[in-house]
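The next block holds one structure in the form of structure tokens; read it before the comments.
These figures come from a predicted structure and were not determined experimentally.
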Amino acid sequence: MLTLSPAWLIVIGILTTAVAQVLLKKASGFEIRTSAWIVWMGLSAASYVVSFVAYSRILKYFALNKVYPAMTVAQIILITLIGLWLGEAVDGRQLLGLLFGVLAIYLILG
């Protein structure tokens, strides 16, 4: 059985959740029940499965009330960066919200 460090589990959990969101975005461009939609939805679901498995292992090592908010903000930041890369815009309010998220994580984990 593959054993990963808690830090790697967190990285995998964050990345696979972000990937699942991006794949859902891709699926949204197709009509429901078309073969392309099914493929992108399936890939997204598979990514979420990996994310959920990683998260179930993460909770073995970390307190829920600390790791969940930290991972959620990290996912939001990563998804925002991917969105920027894909040509989506971020306004000042969103940027301020992200900065507050980073501050919140500092306060929660500090």
Side-chain angles (χ1 to χ4, degrees):
M1 179 190 287
L2 179 64
T3 304
L4 297 170
S5 72
W8 273 113
L9 289 170
I10 288 174
V11 169
I12 290 167
I14 291 167
L15 289 176
T16 53
T17 299
V19 166
Q21 289 291 315
V22 172
L23 294 171
L24 281 175
K25 175 74 172 174
K26 180 71 173 173
S28 73
F30 299 97
E31 289 297 319
I32 295 176
R33 295 188 310 229
T34 61
S35 57
W37 180 83
I38 290 168
V39 167
W40 292 110
M41 289 295 288
L43 291 171
S44 178
S47 187
Y48 271 129
V49 167
V50 173
S51 173
F52 276 43
V53 170
Y55 190 58
S56 74
R57 304 316 309 153
I58 289 165
L59 292 175
K60 176 180 179 181
Y61 301 103
F62 300 99
L64 176 64
N65 65 347
K66 289 188 176 190
V67 75
Y68 178 76
M71 287 183 65
T72 300
V73 170
Q75 291 160 4
I76 291 167
I77 291 168
L78 181 57
I79 291 167
T80 301
L81 292 173
I82 293 168
L84 285 170
W85 181 66
L86 293 174
E88 296 179 353
V90 174
D91 64 21
R93 276 182 83 171
Q94 284 177 285
L95 186 57
L96 184 60
L98 291 172
L99 292 173
F100 280 137
V102 170
L103 176 62
I105 295 311
Y106 172 76
L107 293 172
I108 290 168
L109 297 180

- Message: Under 4.5 Å between side-chain heavy atoms, counting indirect links through other Ile/Leu/Val/Met/Phe/Trp/Tyr residues: same cluster for Leu15 and Val49 or not?
- Response: no
- Query: Applying the 4.5 Å side-chain criterion to the ILVMFWY set and letting contacts propagate, would Phe30 and Val19 be lumped into a single cluster?
  - Reply: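 Yes.
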- Message: Using a 6.0 Å cut-off, check whether atom CG of Leu86 has over 12 heavy atoms from anything other than its own residue.
- Response: yes
- Message: Counting neighbours of OH on Tyr68 that are heavy atoms of other residues, nucleotides or ligands and sit closer than 6.0 Å, is the number greater than 12?
- Response: no
- Give the intermediate values and the outcome of side chain to side chain contact (heavy atoms under 4.5 Å, CB included) for residues Tyr48 and Thr16. CA-CA 7 Å; Tyr48 271 129; Thr16 53; over 6 Å; no
For [X] versus [Y], what's the shortest heavy-atom pair and its separation?
| X | Y | answer |
| --- | --- | --- |
| Ala54 | Ile12 | CB-CG2, 4.1 Å |
| Leu9 | Tyr61 | CD1-CE1, 4.0 Å |
| Ser47 | Ala20 | OG-N, 3.5 Å |
| Pro69 | Ile108 | CB-CD1, 3.8 Å |
| Gln21 | Ile79 | CG-CD1, 3.5 Å |
| Leu98 | Ile77 | CD2-CG1, 4.0 Å |

- Item | Distance in Å, Met71 CE paired with Ile14 CD1, rounded so as to fall on 0.5 Å steps | 5.0 Å
- Measuring from Leu95:CG to Arg93:CZ, what's the distance to the nearest 0.5 Å? 13.0 Å
